[in-house]
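Have a look at the structure below before the remarks.
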Amino acid sequence: MTNLLAITIGRSPRKDISPIMERYLGDDITVKQMGVLDDLSDHEMSLISTYKPHDEVLVSRVDDEHSIELNAKVVEDHLQNIIQNAEKRGYKHILLLCTGSFPDIVLKTSNLYLPDQIISPVISNIAKHRRMGLLIPHENQKSMMEDKWREYGLDPLIASASPYLDLDEIVVAAKSLEQSNADFILMDCMGYTEEMKKAVSAEVTVPVILSNTLMVKILSELL
(Lines give C-alpha, C1' and ligand atoms only; values in the text may rest on other atoms or scores of the structure.)
Protein backbone atom coordinates (compact mmCIF):
# COMPACT_ATOMS: atom_id res chain seq x y z
CA MET A 1 0.00 0.00 0.00
CA THR A 2 1.33 3.43 -1.02
CA ASN A 3 0.40 6.54 0.93
CA LEU A 4 0.07 9.73 -1.12
CA LEU A 5 -0.39 13.16 0.43
CA ALA A 6 -2.25 15.53 -1.92
CA ILE A 7 -1.89 19.19 -0.95
CA THR A 8 -4.22 21.87 -2.29
CA ILE A 9 -3.40 25.55 -1.95
CA GLY A 10 -7.03 26.09 -0.95
CA ARG A 11 -9.04 24.14 1.61
CA SER A 12 -9.32 20.38 1.70
CA PRO A 13 -10.87 18.12 0.72
CA ARG A 14 -11.02 19.05 -2.96
CA LYS A 15 -14.25 17.35 -3.97
CA ASP A 16 -13.77 18.52 -7.55
CA ILE A 17 -10.38 16.79 -7.93
CA SER A 18 -11.05 13.73 -5.76
CA PRO A 19 -13.01 11.85 -8.49
CA ILE A 20 -10.08 12.18 -10.90
CA MET A 21 -7.63 10.75 -8.37
CA GLU A 22 -10.05 7.95 -7.51
CA ARG A 23 -10.56 7.12 -11.19
CA TYR A 24 -6.94 6.95 -12.30
CA LEU A 25 -4.91 5.99 -9.24
CA GLY A 26 -4.77 2.33 -8.30
CA ASP A 27 -6.65 0.72 -5.42
CA ASP A 28 -3.33 0.20 -3.65
CA ILE A 29 -2.81 3.97 -3.29
CA THR A 30 -4.28 5.68 -0.23
CA VAL A 31 -4.75 9.42 -0.71
CA LYS A 32 -4.78 11.86 2.19
CA GLN A 33 -5.70 15.47 1.40
CA MET A 34 -4.48 18.60 3.17
CA GLY A 35 -4.98 22.28 2.35
CA VAL A 36 -2.85 25.37 2.80
CA LEU A 37 -5.90 27.23 4.05
CA ASP A 38 -6.95 24.53 6.51
CA ASP A 39 -7.18 25.97 10.03
CA LEU A 40 -5.60 29.34 9.20
CA SER A 41 -6.45 32.19 11.55
CA ASP A 42 -8.22 35.32 10.28
CA HIS A 43 -4.89 37.16 10.38
CA GLU A 44 -3.14 34.45 8.39
CA MET A 45 -5.99 34.46 5.85
CA SER A 46 -5.58 38.21 5.46
CA LEU A 47 -1.85 37.88 4.84
CA ILE A 48 -2.10 35.05 2.31
CA SER A 49 -4.86 36.78 0.32
CA THR A 50 -3.13 40.18 0.16
CA TYR A 51 -0.97 40.96 -2.86
CA LYS A 52 0.41 43.88 -4.81
CA PRO A 53 0.17 44.41 -8.58
CA HIS A 54 3.63 42.91 -9.23
CA ASP A 55 3.04 39.83 -7.04
CA GLU A 56 2.28 36.44 -8.57
CA VAL A 57 -1.32 35.45 -7.92
CA LEU A 58 -2.83 31.98 -7.56
CA VAL A 59 -6.51 31.04 -7.47
CA SER A 60 -8.01 28.18 -5.48
CA ARG A 61 -11.21 26.91 -3.95
CA VAL A 62 -12.26 27.78 -0.41
CA ASP A 63 -15.45 25.69 -0.45
CA ASP A 64 -18.01 24.43 -2.94
CA GLU A 65 -19.28 27.95 -3.66
CA HIS A 66 -16.31 30.29 -3.19
CA SER A 67 -12.81 30.78 -4.59
CA ILE A 68 -9.96 32.99 -3.41
CA GLU A 69 -6.99 34.82 -4.91
CA LEU A 70 -3.73 34.15 -3.09
CA ASN A 71 -0.25 35.63 -2.86
CA ALA A 72 1.94 32.94 -4.44
CA LYS A 73 4.99 33.65 -2.29
CA VAL A 74 3.04 33.39 0.97
CA VAL A 75 1.46 30.18 -0.31
CA GLU A 76 4.91 28.76 -0.98
CA ASP A 77 6.00 29.52 2.58
CA HIS A 78 3.00 27.65 3.96
CA LEU A 79 3.59 24.75 1.58
CA GLN A 80 7.15 24.43 2.85
CA ASN A 81 5.90 24.09 6.41
CA ILE A 82 3.28 21.50 5.45
CA ILE A 83 5.83 19.44 3.51
CA GLN A 84 8.36 19.53 6.35
CA ASN A 85 5.73 18.29 8.80
CA ALA A 86 4.58 15.62 6.32
CA GLU A 87 8.13 14.35 5.96
CA LYS A 88 8.41 14.08 9.75
CA ARG A 89 5.26 11.95 9.72
CA GLY A 90 6.84 9.63 7.16
CA TYR A 91 5.22 10.66 3.89
CA LYS A 92 7.39 9.70 0.91
CA HIS A 93 5.05 10.76 -1.89
CA ILE A 94 3.48 14.23 -2.04
CA LEU A 95 1.37 15.63 -4.88
CA LEU A 96 0.74 19.35 -5.16
CA LEU A 97 -2.74 20.11 -6.48
CA CYS A 98 -1.69 23.33 -8.20
CA THR A 99 -0.02 24.06 -11.54
CA GLY A 100 1.78 27.14 -10.19
CA SER A 101 5.55 27.45 -9.88
CA PHE A 102 7.18 26.94 -6.47
CA PRO A 103 10.95 27.06 -7.08
CA ASP A 104 12.10 27.55 -3.49
CA ILE A 105 10.58 24.49 -1.84
CA VAL A 106 13.23 22.31 -0.18
CA LEU A 107 12.83 18.55 0.27
CA LYS A 108 14.63 16.21 2.65
CA THR A 109 13.10 12.75 2.43
CA SER A 110 10.04 12.90 0.15
CA ASN A 111 9.25 12.82 -3.56
CA LEU A 112 7.30 15.96 -4.43
CA TYR A 113 5.27 15.80 -7.63
CA LEU A 114 4.86 19.34 -8.93
CA PRO A 115 2.53 19.64 -11.94
CA ASP A 116 4.49 22.68 -13.14
CA GLN A 117 7.69 20.64 -13.39
CA ILE A 118 6.06 17.55 -14.90
CA ILE A 119 3.30 18.83 -17.16
CA SER A 120 5.10 21.85 -18.60
CA PRO A 121 7.97 19.91 -20.26
CA VAL A 122 5.49 17.42 -21.74
CA ILE A 123 3.30 20.17 -23.16
CA SER A 124 6.26 22.17 -24.45
CA ASN A 125 7.35 19.21 -26.55
CA ILE A 126 3.84 18.69 -27.88
CA ALA A 127 3.62 22.38 -28.75
CA LYS A 128 6.92 22.73 -30.58
CA HIS A 129 5.27 23.15 -33.97
CA ARG A 130 1.79 24.02 -32.77
CA ARG A 131 0.17 27.13 -31.33
CA MET A 132 -0.99 26.49 -27.79
CA GLY A 133 -4.14 28.01 -26.40
CA LEU A 134 -3.82 28.43 -22.64
CA LEU A 135 -6.88 28.63 -20.42
CA ILE A 136 -6.08 30.08 -16.98
CA PRO A 137 -8.26 31.04 -14.00
CA HIS A 138 -7.54 34.77 -13.70
CA GLU A 139 -6.51 37.64 -15.98
CA ASN A 140 -3.94 38.73 -13.36
CA GLN A 141 -1.98 35.55 -14.12
CA LYS A 142 -1.42 36.36 -17.78
CA SER A 143 1.98 38.00 -17.38
CA MET A 144 3.15 35.20 -15.08
CA MET A 145 2.07 32.58 -17.63
CA GLU A 146 3.74 34.42 -20.50
CA ASP A 147 7.02 34.45 -18.56
CA LYS A 148 6.67 30.79 -17.63
CA TRP A 149 6.09 29.51 -21.14
CA ARG A 150 8.65 31.85 -22.67
CA GLU A 151 11.27 29.77 -20.84
CA TYR A 152 10.12 26.85 -22.99
CA GLY A 153 10.29 28.90 -26.16
CA LEU A 154 6.52 29.22 -26.44
CA ASP A 155 4.24 32.20 -26.93
CA PRO A 156 0.77 30.85 -26.09
CA LEU A 157 -2.55 32.43 -26.81
CA ILE A 158 -4.11 33.08 -23.39
CA ALA A 159 -7.68 33.40 -22.18
CA SER A 160 -8.98 33.44 -18.62
CA ALA A 161 -12.05 31.93 -17.01
CA SER A 162 -12.27 30.77 -13.43
CA PRO A 163 -13.12 27.10 -12.87
CA TYR A 164 -14.94 28.23 -9.73
CA LEU A 165 -17.51 30.46 -11.42
CA ASP A 166 -19.63 30.04 -14.54
CA LEU A 167 -19.16 27.11 -16.95
CA ASP A 168 -20.43 29.20 -19.87
CA GLU A 169 -17.53 31.62 -19.36
CA ILE A 170 -15.07 28.74 -19.62
CA VAL A 171 -16.62 27.61 -22.90
CA VAL A 172 -16.60 31.16 -24.30
CA ALA A 173 -12.95 31.61 -23.34
CA ALA A 174 -11.99 28.31 -24.95
CA LYS A 175 -13.84 29.17 -28.16
CA SER A 176 -11.98 32.48 -28.29
CA LEU A 177 -8.68 30.56 -28.24
CA GLU A 178 -9.78 28.38 -31.14
CA GLN A 179 -10.97 31.44 -33.05
CA SER A 180 -7.49 32.93 -32.53
CA ASN A 181 -6.07 29.85 -34.30
CA ALA A 182 -4.92 27.78 -31.34
CA ASP A 183 -4.01 24.25 -32.44
CA PHE A 184 -4.89 22.80 -29.04
CA ILE A 185 -6.07 24.05 -25.66
CA LEU A 186 -4.47 23.38 -22.29
CA MET A 187 -6.84 23.90 -19.34
CA ASP A 188 -4.03 24.92 -17.01
CA CYS A 189 -5.47 24.76 -13.52
CA MET A 190 -6.13 21.82 -11.22
CA GLY A 191 -9.60 23.24 -10.61
CA TYR A 192 -10.86 22.53 -14.13
CA THR A 193 -12.80 19.25 -14.11
CA GLU A 194 -13.47 16.51 -16.63
CA GLU A 195 -17.05 17.79 -16.90
CA MET A 196 -15.68 21.20 -17.88
CA LYS A 197 -13.37 19.62 -20.44
CA LYS A 198 -16.31 17.71 -21.89
CA ALA A 199 -18.31 20.93 -22.22
CA VAL A 200 -15.38 22.68 -23.92
CA SER A 201 -14.66 19.76 -26.27
CA ALA A 202 -18.29 19.80 -27.40
CA GLU A 203 -17.87 23.40 -28.60
CA VAL A 204 -14.39 23.39 -30.18
CA THR A 205 -12.77 21.23 -32.83
CA VAL A 206 -9.19 21.30 -31.52
CA PRO A 207 -7.80 18.88 -28.89
CA VAL A 208 -8.34 19.85 -25.25
CA ILE A 209 -5.88 18.79 -22.53
CA LEU A 210 -6.81 18.83 -18.84
CA SER A 211 -3.84 19.46 -16.54
CA ASN A 212 -5.09 17.51 -13.53
CA THR A 213 -6.02 14.40 -15.53
CA LEU A 214 -2.66 14.42 -17.29
CA MET A 215 -0.83 14.82 -13.99
CA VAL A 216 -2.71 12.02 -12.22
CA LYS A 217 -2.32 9.65 -15.18
CA ILE A 218 1.44 10.21 -15.20
CA LEU A 219 1.57 9.77 -11.43
CA SER A 220 -0.34 6.48 -11.70
CA GLU A 221 2.58 5.09 -13.70
CA LEU A 222 5.11 6.13 -11.06
CA LEU A 223 3.50 4.93 -7.84
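As a basis for the values below, the full set of heavy atoms in this structure was taken, side chains included, without hydrogen atoms, waters or symmetry mates. Values in this document were obtained by computation on a predicted structure and should not be read as measured data.
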Q) Heavy-atom count around D27 CG within 6.0 Å, excluding the residue itself: above 12? A) no
Q. Checking side chain to side chain contact (heavy atoms under 4.5 Å, CB included) against V36, which of L58, I48, T8 comes through?
A. I48
Q) Got a second to check how far S162's OG is from I170's CD1, nearest 0.5 Å? A) 7.0 Å
(Q) How long is the straight-line distance from CD1 of I7 back to OG of S12, given to the nearest 0.5 Å? (A) 10.0 Å
Q | Qualifying residues under salt bridge (Lys or Arg N to Asp or Glu O under 4.0 Å), relative to D155, sequence neighbours excluded | A | R131
(Q) Please enumerate all residues that pass salt bridge (Lys or Arg N to Asp or Glu O under 4.0 Å) together with E69, with sequence neighbours excluded. (A) none
**Q.** Gap separating the CG atom of N140 from the OG atom of S160, nearest 0.5 angstrom
**A.** 9.0 Å
Q.
Measuring from atom CE of M190 to atom CD1 of I9, what distance do you get when rounded to the nearest 0.5 angstrom?
A. 10.5 Å
Q.
Could you check whether any side-chain N or O of D28 sits under 3.5 Å from a backbone N or O of M1, counting only pairs where one atom can act as donor and the other as acceptor?
A. no
**Q.** Heavy-atom pair of closest approach, residues A6 and L97
**A.** CB-CD1, 3.9 Å
**Q.** E203 side-chain N/O to V200 backbone N/O, donor-acceptor pair under 3.5 Å
**A.** no
Q | Validation row: I185, I209 side chains within 4.5 angstrom (heavy atoms) | A | no
(Q) Less than 3.5 Å apart, any donor N or O on the side chain of S143 or E146 sitting next to an acceptor on the other? (A) no
Q: Could you pull out the closest heavy-atom pair between E178 and V206, with the gap in Å?
A: OE2-N, 3.5 Å
Q.
To check you understand the geometry: which heavy-atom pair defines the closest contact between Y152 and S120, and what is its length?
A. OH-CB, 3.4 Å
(Q) Could you check whether any side-chain heavy atom of K52 comes within less than 4.5 Å of a side-chain heavy atom of N71, counting everything from C-beta outward? (A) no
(Q) Using a 3.5 Å distance criterion without hydrogens, assess whether the side chain of R14 forms a donor-acceptor pair with backbone atoms of D16. (A) no
(Q) Could you work out, with salt bridge (Lys or Arg N to Asp or Glu O under 4.0 Å) as the rule, every residue matching D55, not counting sequence neighbours? (A) none
**Q.** From CZ (R23) to NZ (K217), nearest 0.5 Å
**A.** 9.5 Å
**Q.** Qualifying salt bridge (charged side-chain N to carboxylate O under 4.0 Å, His left out) pairs with a residue from residues 164-173, counting only residues at least two apart or across chains
**A.** none
Q.
With a 3.5 Å distance limit and no angle check, can you tell me whether S46 reaches the backbone of D42 through a side-chain donor-acceptor pair?
A. no
(Q) Using every non-hydrogen atom in the two residues, find where Q33 and S18 come nearest and quote the distance to one decimal. (A) NE2-OG, 2.7 Å
Q.
For the backbone of M187 and the side chain of S211, can you confirm whether one donor and one acceptor N or O come within less than 3.5 Å of each other?
A. yes
Q) In Å and rounded to the nearest 0.5 Å, what is the CG to CG distance from N181 to L157? A) 8.0 Å
(Q) When you measure from the side chain of Q117 to the backbone of L114, do you find a donor-acceptor pair of N or O atoms at a distance under 3.5 Å? (A) no
Q.
Closer than 4.0 angstrom, basic N to acidic O: yes or no for E76 and K73?
A. yes
Q.
Using a 3.5 Å distance criterion without hydrogens, assess whether the side chain of D77 forms a donor-acceptor pair with backbone atoms of V74.
A. no
Q: Taking atom types as modelled, find out whether H93 and Y113 have a side-chain donor-acceptor pair closer than 3.5 angstrom.
A: yes
Q. Can you check whether I136's main-chain N or O pairs, donor with acceptor, with Y192's side chain at less than 3.5 Å?
A. yes
Q: Applying salt bridge (Lys or Arg N to Asp or Glu O under 4.0 Å), name anything that partners K148, two or more places apart in sequence or on another chain.
A: D116, D188
Q) Tell me, which pairs form a side-chain hydrogen bond (donor to acceptor under 3.5 Å, both in side chains) where one or both residues lie in residues 81-92, sequence neighbours left out? A) E87-S110
Q) If you look at every heavy atom in L214 and I119, which pair is closest and at what distance? A) CD2-CG2, 3.9 Å
